[in-house]
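Worksheet for the structure shown next.
Order of the sequence lines fixes the chain letters, A, B, ..., with proteins taken first and strands second; residue numbering starts at 1 for each chain.
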Amino acid sequence: MLLAKIYVTLKPGVLDPQGEAVGNGLKAMGYKDVTSVRVGKYLELQLDTDDKSYAEEKVDEMCRRLLANPVIEKYRYTLEEQR
Amino acid sequence: MLLAKIYVTLKPGVLDPQGEAVGNGLKAMGYKDVTSVRVGKYLELQLDTDDKSYAEEKVDEMCRRLLANPVIEKYRYTLEEQR
Amino acid sequence: MKFGVIVFPGSNCDQDVYHVISEVLGKPVDYLWHGDTEVSGYDCLVLPGGFSYGDYLRSGAIARFAPIMPAVIDFANSGGLVLGICNGFQILLEAGLLPGAMRRNDCLQFRCQYTNLRVENDETPFTNLFKKGQVISIPIAHGEGNYYADEDTLKELEANKQIVFRYCDPSGEVTKEANPNGSVGNIAGIINRQGNVLGMMPHPERCAEVILGGTAGRELFASIVEWWERRK
Amino acid sequence: MEPEVYRNMGLTDEEYEKIKEILGREPNYVEVGMFSVMWSEHCGYKNSRPVLKLFPTDAPWVLQGPGENAGIIDIGDGQAVVFKIESHNHPSAIEPFQGSATGVGGIVRDIFTMGARPIALLDSLRFGTLDDPRTRYIMNGVVEGISFYGNCLGLPTVAGEVYFDRSYAGNPLVNAMAVGLINQKDIRRGTASGVGNSVMVIGAKTGRDGIHGATFASEELSEDSEERRPSVQVGDPFREKLLIEASLEIIKEDLIIGMQDMGAAGLTSSSCEMASRANTGMEIDVALVPRREEGMTPYEVMLSESQERMLVVPKKGSEEKVRAICERWGLDAVTIGKVTADGIMRIKDNGELVAEVPAKALTDECPVYERERLRPAYLNELQEKDFSSLAEPKDYGAVLLELLASPNLASKEWIYRQYDYMVRTDTVAGPGGDAAILRVKGTKKGLGLTTDGNGRYCYLDPELGGAIAVAEAARNLSCTGVKPLGITNCLNFGNPEKPEVAWQFYQAVIGMSKACKALQTPVTGGNVSFYNEIKEKAVYPTPVVGMVGLIKDIEKRCSLAFQNENDVLILLGETLPEIGGSEYLEVIHHQVAGKPPQLDLEKEVAVQEMTRQAIAEGLVTAAHDCAEGGLAITLAESAIAGKLGARVNLDSSLRPDYLLFSESQSRILLAVPPAAKEKVLNMAKEKGVPVAVIGHCSGDSLEVCINGDKVFDVDVEEMEKKWRESIPALMAG
Ligand SMILES: Nc1ncnc2c1ncn2[C@@H]1O[C@H](COP(=O)(O)OP(=O)(O)O)[C@@H](O)[C@H]1O
Ligand SMILES: [Mg+2]
């Protein structure tokens, strides 16, 4: 079993209304040190395989095809052995 | 400058309809090895401070107060120096 | 009796609630700005539906920290009547005035439709003109109305008759098919332990006039007035 | 300048020469950029302007025709309705969710720019067929995007339409219409008058979004469109909601002279259009424009299509008040320049001149092309198709059910249940009927709203198809008791440089114009979307009509749902053997061919007037037009809506399938109480409207006989199931 952790974030330059709203919210709550917030997605996939290089290929493909929207998002991921 | 990376996920036991939908989507696309999917949030906060322990305290507070809803979510975070 | 309707940035049912209170009920009502810090002089506060702060992180999460909220919390804790509708309900949950949390609808889509509700408690200030077990029809319009509470909380809600509305079929049966969003126990509305703070996902202000196709919502607002007058 | 540079921006060599001539010198990079977006089809209408002039635009009740951000129609009591439709086809093809969302955002800005409170949205959609996963992905995203943006704004999406056809696969049509209400005294126009007045930007910060989006909308989609993705913008409905409230407050306080949203071509188009309308010029310093990103060049600032921004010319001395209102709503408001007398757009960067162009050169001097027109070769063959050998169905009940399940006819609830169509509590009739009706609080009035357009008809005969789009929209309103008053339109076509497309475009406009004249519904504005092609193949020519009307007493409205047992069913109009272009021909016989049904505008007007009069006199309990699918589908829809069946007998010598499924125009089905029957029949005689009593409401099935012989008898519940479950099942894959 492998665990894929996938991070999907907006490409730089793409407007992030969520991040802005959260950033303004935090500032209004008094957290003045926060200079910028970006919000993305985090996914955990359990894979029924132990073959890392196979998994890598598949996860990358899933990201490209479904999990990230290549128009505005980019992704990265890590693979871990699952206990 | 510090960069906080924050991961907000649903507590185990709380149903994740989005994760399920993504999982079903992946299976329908032929990725039979995917046994489970959980979807969470990933946030990047830039902090205008270099004091790690101060930042740690603040980030934890922001998570507790705003970024995660303790009824259904849990969070973890890392702090990195920002170049 | 005087009502206050709280306007958050992104509220969009504020004018609808205001209209029902002033035009349908003929009662005095004011808008209260989220940036204010005072709510004195009001007998019932309404947190209306909408998308406060775009609902961008979680619905209601940011609004819960609006400058007016400490006053709302004090008002509620001292027994003042508070009604949260849709986004208002979500804000009350985030603020801890009501237990539980909202998740995305299990269908992962926004839903706008009439729903049947079974009145589970007719002894609240908001429902005294209904009868327990009565089925009323009120529309919903939300993407995050999938109510969640852990087992213990649910037991407590049950035990204290805090569950006020459940989604049901036209005959009053609480079924999976009648549940539009996946809420635990088909819960559509709950009240706090003290019985003065109601949160509900359906929109009573949208069915308070015959021309709009329903009047159950008028009864809900009229209940508040009725309760207030009786109390005096 | 290297030809490469301006050609890449979409300008031709001749256009470049013309720019040089206007300026009397070589333009610089910023100036070429400004010309290229302003002279794109999207902003300059260079391929369509002469044709659009053919539209009738006047009537005593038209307060604002084409040329402004939106049209305005007088609805009495000092009130007016403001409305406009616009396409977001290409962005939606590339990024369905953000594409449709920002489409909604843009059209809503056109409404409150005029000073009106936006009150409703409509959406007209065209997709490929639902057996294709990519189409399902697009439809999912498009509907979710509209839902996301419109719902968050608190605007009810009250009506719309959707059609599915292979011709739209890969190039969906996403047309959004917005409607607003205004007190006439509050009307503002997009002009920058008053030399010396400030020019302010309010709303969102400017980023590198969608640079050259306007040019992009004016090209065919190709493989590398996907590579040009930065053209896609992300919408922020929350900020737009704040922008609406702030703008309306600013107008209410009477603080401004004019404002305009920054849509396609951003700061460039808003500034030069405002100046051009007022015969003024403007001096702007781009360094003052609030930015979201670092290191933006003047070129980028001038061309950015970042959403949720407005350009405002405040009254002298009102800048501070405008700023204060914006601040209260959490918005930026910054003075970036001033109005000048000399008609020149002078763009500076930190005081240094970076562009200097006459405002009118960008707007009025946009080159205009009379494109060569050629009747397409396919038409003869298709129109002359002979259907006499078409096999007659054996089981009409089965055919009816199959048609009801066809996505073009099936319930569209899967779409509209994702739209908040009730917010604002004015939706008296929402989606699901012939037209939506909104009450106008504080009056007895109601506004009727609908969109219509049949691409298949237009493909088979664009003139007729264009006329039918207008007639059917009006018919939909008339069926609810609403009097049609005017239209906006979105003309979705292929590449106008192809003579066949230019011909289709011209013919459609001719047809629409004739119908608009006959029905007294002038054109108050609209939008042209060309280059709807993928791999060289154009979508069906698809003019979409958005129509508004008024009912003086909203209590006298009517719906399509059968109401009472024994109400008499009366059919107005004539059924002709016209199955060309019909849904029946496509679904059952797999052909798109023939001539669309003919349209006699005089008859159309008579049928509609008669329907409205009968409804106004309280004689009618249900009214529904015969449209796609023909009379059988009309009966089924009214039965399903009312959960009440009917017994029907049709006396005719037509073939049963022609009689049941022909899409002959100018027909309306009425249900009337028995006591009203004679009155209605007499009214028809007086007006010269062909009329027949065809049955009555009764029971829980729809039984249809022809000349006394039963052809089908189907349970209403069974019909409803097929009709309701079809699209959800297809979307589930
Ligand atoms: N995309 C859509 N958005 C909102 N409502 C829609 C949409 N498509 C269809 N509807 C609604 O569904 C109903 C049926 O649509 P349609 O079959 O096109 O009607 P008609 O044939 O009378 O023009 C109408 O009330 C229409 O407003
Ligand atoms: Mg129709």
Side-chain angles (χ1 to χ4, degrees), chain C residues 7-20 22-24 31 33-35 48-57 59 62-63 66 85-87 105 107-115 138-144 180 202-214 217, chain D residues 117-119 140 143-144 146-158 235-246 327-331 413-432 437-439 441-442 444 446 554-555 557 559 728 731-732:
Chain C
V7 183
F8 297 95
S11 292
N12 64 33
C13 301
D14 43 342
Q15 297 175 13
D16 301 353
V17 171
Y18 187 99
H19 167 79
V20 169
S22 69
E23 301 301 316
V24 181
Y31 291 116
W33 187 243
H34 65 97
F51 290 73
S52 54
Y53 298 91
D55 276 355
Y56 282 143
L57 181 67
S59 29
I62 302 179
I85 301 167
C86 197
N87 196 231
N105 292 353
C107 61
L108 300 178
Q109 288 180 347
F110 193 94
R111 276 289 178 274
C112 177
Q113 66 191 59
Y114 262 88
T115 55
I138 301 188
I140 56 163
H142 59 246
E144 285 183 37
H203 286 270
E205 79 280 10
R206 296 186 179 190
C207 55
E209 295 162 90
V210 175
I211 192 169
L212 297 178
Chain D
R117 156 79 56 189
I119 58 167
N140 234 322
V143 171
E144 206 182 341
I146 295 170
S147 156
F148 163 73
Y149 209 104
N151 297 354
C152 185
L153 286 186
L155 289 180
T157 302
V158 294
D236 182 355
F238 169 56
R239 191 181 304 271
E240 176 124 328
K241 167 75 173 150
L242 303 177
L243 199 52
I244 294 176
E245 300 305 332
E327 184 179 278
R328 194 171 112 92
W329 287 101
L331 297 169
E413 189 184 35
W414 186 92
I415 295 175
Y416 62 70
R417 72 184 177 194
Q418 298 185 55
Y419 300 153
D420 185 347
Y421 52 84
M422 296 187 239
V423 62
R424 297 192 56 77
T425 61
D426 292 327
T427 312
V428 170
I437 303 182
L438 302 185
R439 68 171 168 183
K441 285 194 184 100
K444 291 171 75 178
I554 198 167
E555 293 301 336
R557 68 193 181 274
S559 93
M731 286 307 289

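Of the atoms belonging to D/Asp236, heavy atoms from both backbone and side chain fall under 4.5 Å from chain C. At a 4.5 Å heavy-atom cutoff, the contact between D/Ser147 and chain C is made by side-chain atoms alone. The part of C/His19 that comes within reach of chain D is its side chain, from C-beta onward, which places non-hydrogen atoms under 4.5 angstrom from that chain. Contact annotation for C/Tyr56: only side-chain heavy atoms (C-beta onward) come within less than 4.5 Å of a heavy atom of chain D.
The distance from atom CD of D/Glu413 to atom CD of C/Gln113, rounded to the nearest 0.5 Å, is 7.5 Å. We find the CG-CD distance between C/Asp14 and D/Glu245 to be 7.5 Å, quoted to the nearest 0.5 Å. To the nearest 0.5 Å, atoms OH (C/Tyr53) and NZ (D/Lys241) are separated by 13.5 Å. How far CZ of D/Arg328 is from CH2 of C/Trp33: 4.0 Å, rounded to the nearest 0.5 Å. In this structure, the separation between CD on D/Glu555 and CD1 on C/Ile211 is 4.5 Å, given to the nearest 0.5 Å. From D/Phe148, atom CZ reaches atom CZ of C/Phe51 across 8.5 Å, with rounding to the nearest 0.5 Å.
Residues satisfying the salt bridge (Lys or Arg N to Asp or Glu O under 4.0 Å) test with D/Arg439, not counting sequence neighbours, are C/Glu209, D/Asp426.
Counting non-hydrogen atoms of neighbouring residues, nucleotides and ligands closer than 6.0 angstrom, the NZ atom of D/Lys444 reaches no more than 12 such neighbours. D/Glu327 CD: 12 or fewer foreign heavy atoms inside a 6.0 Å radius.
Side-chain atoms of C/Asn12 and D/Leu153, non-hydrogen and from C-beta on, never get closer than 4.5 Å to each other. In this structure, C/Gln109 and D/Arg417 have side chains that are in contact, with non-hydrogen atoms separated by less than 4.5 Å. Put simply, the side chain of C/Cys112 does not reach to within 4.5 Å of the side chain of D/Gln418, judged on heavy atoms. Side-chain contact between C/Gln15 and D/Arg117 is present, with heavy atoms from C-beta onward closer than 4.5 Å. Taking the side chain as every heavy atom from C-beta outward, D/Phe238 and C/Pro9 approach each other to under 4.5 Å. Looking at heavy atoms from C-beta onward, D/Val423 lies out of side-chain contact with C/Glu205 at the 4.5 angstrom threshold.
Between chain D and the options C/Gly49, C/Gly54, C/Ala208, heavy-atom pairs under 4.5 Å are most frequent for C/Gly54.
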Exercise for review: Starting from the C-alpha separation in whole Å, work towards a yes-or-no answer on side-chain contact (heavy atoms from CB on, under 4.5 Å) for C/Leu212 and D/Thr425.
Suggested key: CA-CA 7 Å; C/Leu212 297 178; D/Thr425 61; 3.8 Å; yes
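A salt bridge is absent between C/Arg111 and D/Asp420; no separation between the charged side-chain nitrogens and carboxylate oxygens falls under 4.0 Å.
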